[in-house]
Amino acid sequence: MLNRRKLLTVGGAAAGGALLLSESLKNPSAAASGQAPIGNPHAHELYDRTVRPHARVPQFTVPMPVPRVLAPFKGDPDIDFYRMPIRPANVEVLPGVQTPLLTYDGGFVGPTIKAKTGRPVSITFTNQLSEAANVHLHGGHVLPQHDGHPMDVIAPGGSRNYMYPNTQQGATLWYHDHSHHTEARHVYHGLHGFYLIDDAAEHSLGLPSGQYDVPIMLRDALIDANGNLVDGAEPDQVNTLLANGKPQPYFQVAARKYRFRLLNSAVHRLFTLNLGGVQMLQIASDGGLLPAPVPRTEIQISAAERVEIVVDFSRFPVGSKIVMGDTIGPVLRFDVVRTATDDSRVPSTLRPLPALPPATVTRDIRLSFDVSGPVPVGLINGKPYDPTRADIRIKRGTTEIWNVTNADPIEFDAAHNFHMHLVQFRVLSRDGGPPTLNDMGRKDTVSLPPTKSVKLQATFSDYLGRYAYHCHFLEHSALGMMGQMEVYA
Ligand SMILES: [Cu+2]
């Protein structure tokens, strides 16, 4: 059995130096619950890592900011042009403490891009870091050369333009680094931001909008006594929960309805969220609106998933405080501080899902670790990622079913999840039974607990070329748990 306080050293190949990985390869919720996971039977090089965490900030003492919205520097009649530096920045994550981070334009959360369905966006990123980086629009339907392929990076000092056509329906997307081997560290250190697609076809629904439509990025961090982010720690050490980059903040709300766009940008954590029994009316998942709102009292969001909810604070008197909690503690608190008029509504019908065309190809996708060597290697169908190899070839226009399995033995207790670039898919079934409420709607990322499986269906309609699919516990994709599909004509 591995000592949970020991770490595996994963050396060398990763750009930027040694990458530390840990028992965080394992199921974070099991680790957080104090169950000692059973380690692999093979010996690894182990050593103690002693980190003195920063003193905990008292809960609900810091306000939650809303990430600033980036303005285009030029708006053509047909396209919006943006510029964004990728640069180091010192950011006050904990009150009075400067934390060195890697950022999009100085923000931790990066600035929000507000796009519109049917109107392309062009963003030129300039890499002011001392190492290569890139940008992937998670959930975006884009050409391969604009997808942030893991090997398609921006050299230090270089610039790169990404074109996003926004031909898809309204949705909460996000942009983040995807540079091969360094994606986990880069995202953990701050290379993430919201990309919201506003869809005029949805305006007539009357959902809460404007200041009452709030993106909330949830993640975790371990910050040491000097204010530095610590990589590769145990999951139960990475336990400072951040909402929009602040520790367990409060957010002042009016006694009315709000739309919250929740994103889990952690590189490993699964959030299990509740409002202490208060109803969260789920209206959307990864790829946009659900057919109808679904009342929830608990919602799981694995790394990279999005869930949109409407919460009605009008049932609470001014002065009420409603805590959003996770299994390890509070995430943030909503403080009802004023009344407000509210002409928003949540119709009983939102937006129908597209019909599922018949599938003509079925594939099996198995995620696992190879622990036979000195360091764990992430595998899909027995192979680590090779950017020169097309693991799957898909004829354009085909609809496929993928049976995706967490194939690690139960004793590894290793949770995964699964993300496909290019497409939004649908979850047909989970473990042979019906999908769960966490699988609803148009999805691009799904949770894969130990030994579990999902059946997905996707249609590859137009773009040709090579795209990635991978575990979105980015510590795992950085170890090779990634494959490549090639859509051909
Ligand atoms: Cu994984």
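One is the number of the first residue; the rest follow in order along the sequence. Numbering of ligands and ligand atoms starts at 1, following listing order.
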Inset, instruction - Determine yes or no for a side-chain-to-main-chain donor-acceptor pair under 3.5 angstrom, with Arg396 supplying the side chain and Asp462 the backbone. - result: yes
Legend entry - Any side-chain donor near an acceptor of the partner, Glu183 and His176, under 3.5 Å: no
Which atom pairs, donor and acceptor, lie under 3.5 Å between side-chain atoms of residues 445-458 and protein residues at least two apart or in another chain?
| residue | atom | partner | partner atom | Å |
| --- | --- | --- | --- | --- |
| Thr445 | OG1 | His138 | NE2 | 3.1 |
| Thr445 | OG1 | His419 | ND1 | 3.3 |
| Gln457 | NE2 | Pro357 | O | 2.6 |

Inset, instruction - Please work out whether the ring planes of Tyr385 and His180 are parallel, tilted or perpendicular, with thresholds of 30° and 60°. - result: perpendicular
Legend entry - Shell of protein N/O/S atoms around the Cu ion (ligand 1), taken as anything under 2.8 Å: His416 ND1, Cys471 SG, His476 ND1
Inset, instruction - Determine whether the side chains of His470 and His178 contain a donor N or O and an acceptor N or O closer than 3.5 Å. - result: yes
Legend entry - Test item: side-chain donor near acceptor, Arg296 and Asn438, under 3.5 Å: yes
